[in-house]
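These notes are about the structure you will find just below.
Every heavy atom of this structure was used, including side-chain atoms; hydrogens, water molecules and symmetry mates were not. Letters A, B, ... are given to chains in the order of the sequence lines, protein chains preceding strands, and every chain is numbered from 1.
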Protein chains: 2
Amino acid sequence: MTAQRLNVIREVLASSPVASQDELRRKLRRRGIHVTQATLSRDIHKLRLSKGPGGYSLPNGHNVPTIAAAAEEDQPLSLGEMIDSFGLRVRQAMNQVVLSTVMGGAQPVAAALDREEWPEVVGTIAGDDTVLLICTDSRHASEVETRLRTMLEV
Amino acid sequence: MTAQRLNVIREVLASSPVASQDELRRKLRRRGIHVTQATLSRDIHKLRLSKGPGGYSLPNGHNVPTIAAAAEEDQPLSLGEMIDSFGLRVRQAMNQVVLSTVMGGAQPVAAALDREEWPEVVGTIAGDDTVLLICTDSRHASEVETRLRTMLEV
DNA sequence: GGTAGGCCTGTATAAGTATGCAACACATAT
DNA sequence: ATATGTGTTGCATACTTATACAGGCCTACC
């Protein structure tokens, strides 16, 4: 019963913009479904819809709400686990640290690094198998390198 | 004044989830920005943010027709427009400048930067949300940083 | 049977968001 | 200098959404 209503809601959203739960309620009523706004609030939560300019939208594609939601649900791996799983070697040059990983491992490792928010790391860039860490200076880069190397060798 | 606040809002959203406008208000207050919920409601409208499970999120997904259309319609956006649309913050270290953008914004911003062909920029590297500019030297990097920061804050 | 737990719902209301209005600041035009 | 237009803000409040609560309907298991 509920599941069927959720499907109809998806249909309605796909066919025309919906600006509010009360508008959705009226559109559903035209299709023979008669529920209150409260129920729709719960349905919207179940469907993990997001509301933006243009009304409610399905959590398809690469839109941010989905990503944010996914990040909330499953706890992302810790940096240590990441390095342990994907890291290959670490090298330093000037104020930069280059972290080599298995193919495809750079992005998740960089994400984990970003989550750490190390103050001496200005930013990270990830390719396919390489993460570049930009540090504030050479000394801090050296510290970061040591830290990462320790994680690798454990 | 407003534009700067909008940038801070983007930063706050990029760094941690925000569940309500009042929570956003408190986070901004910690950064010295003191406005009411009403103003934030208007800011959120200007930024075309959407709210879903996981709180408010930036409109970098391709699910918002208006944004997507605007980005694909005209000739490639100018660097200024790029920075204004996607840029979050700029920091300099040594001969490098790191430009943080919203997720997915780095590639187009880097392309726009390349088009500029600034003589003091030797090259650029783009990840998902970070652009690295390699400059000829520290002084030039500082100039570039200032230039980009100006674009951000206007 | 009867009881307990789970799920779904509407009601009432709390929580959150948008907006009309007036005040003010600043720019440009008269 | 005064007027006019544009833009921003806070306040108060209308509008919208979420939720505590209670009741109904199942099913499972004494």
Touch check for A:S41, heavy atoms < 4.0 angstrom, all strands: base, sugar-phosphate only, or nothing? base

With sequence neighbours excluded, residues passing salt bridge (charged side-chain N to carboxylate O under 4.0 Å, His left out) with B:D22: B:R25, B:R26

Which residues pass the salt bridge (charged side-chain N to carboxylate O under 4.0 Å, His left out) test with A:R139, sequence neighbours left out? A:E143

Rounded to whole angstroms, how far apart are [atom1] on [X] and [atom2] on [N]?
X     : N      : atom1 : atom2 : result
A:H45 : D:dT19 : NE2   : P     : 7 Å
B:L47 : C:dA18 : CG    : P     : 12 Å
B:R26 : C:dA15 : CZ    : C1'   : 12 Å
B:L28 : D:dT9  : CG    : C1'   : 15 Å
B:D22 : C:dT17 : CG    : C1'   : 11 Å
A:L40 : D:dC15 : CG    : C1'   : 17 Å
A:K51 : C:dA15 : NZ    : P     : 19 Å
B:L24 : C:dT17 : CG    : P     : 10 Å

Would you confirm whether B:T101, through its side chain, and B:A106, through its main-chain N or O, come within 3.5 Å as a donor-acceptor pair?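 Confirmed, B:T101 side chain pairs with B:A106 backbone.
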
With sequence neighbours excluded, what pairs up with A:T39 under the side-chain contact (heavy atoms from CB on, under 4.5 Å) test?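 A:R5, A:V35, A:T36, A:R42, A:D43.
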
Sorted by chain and residue number, the side-chain contact (heavy atoms from CB on, under 4.5 Å) partners of B:N95 (sequence neighbours excluded) come out as B:I134

Sequence neighbours left out, what passes side-chain hydrogen bond (donor to acceptor under 3.5 Å, both in side chains) with A:T124? Give chain and number order. A:D114

Report yes if at least one side-chain N or O of [X] is closer than 4.0 Å to OP1 or OP2 of [N]; otherwise report no.
X     : N      : value
A:Q37 : C:dG10 : no
A:Y56 : D:dT16 : no
A:Q21 : D:dA18 : yes

When clusters are formed by joining ILVMFWY residues with side-chain heavy atoms under 4.5 Å apart, either directly or through shared neighbours, do A:L132 and B:M94 land in the same one? no

Protein and nucleotides 5-9 of chain C: nitrogen or oxygen contacts under 3.5 angstrom:
from, atom 1, to, atom 2, distance (Å)
C:dC8, O3', A:T2, OG1, 3.4
C:dT9, OP1, A:R5, NH1, 2.6
C:dT9, OP1, A:R5, NH2, 3.3
C:dT9, OP2, A:R5, NH2, 2.8

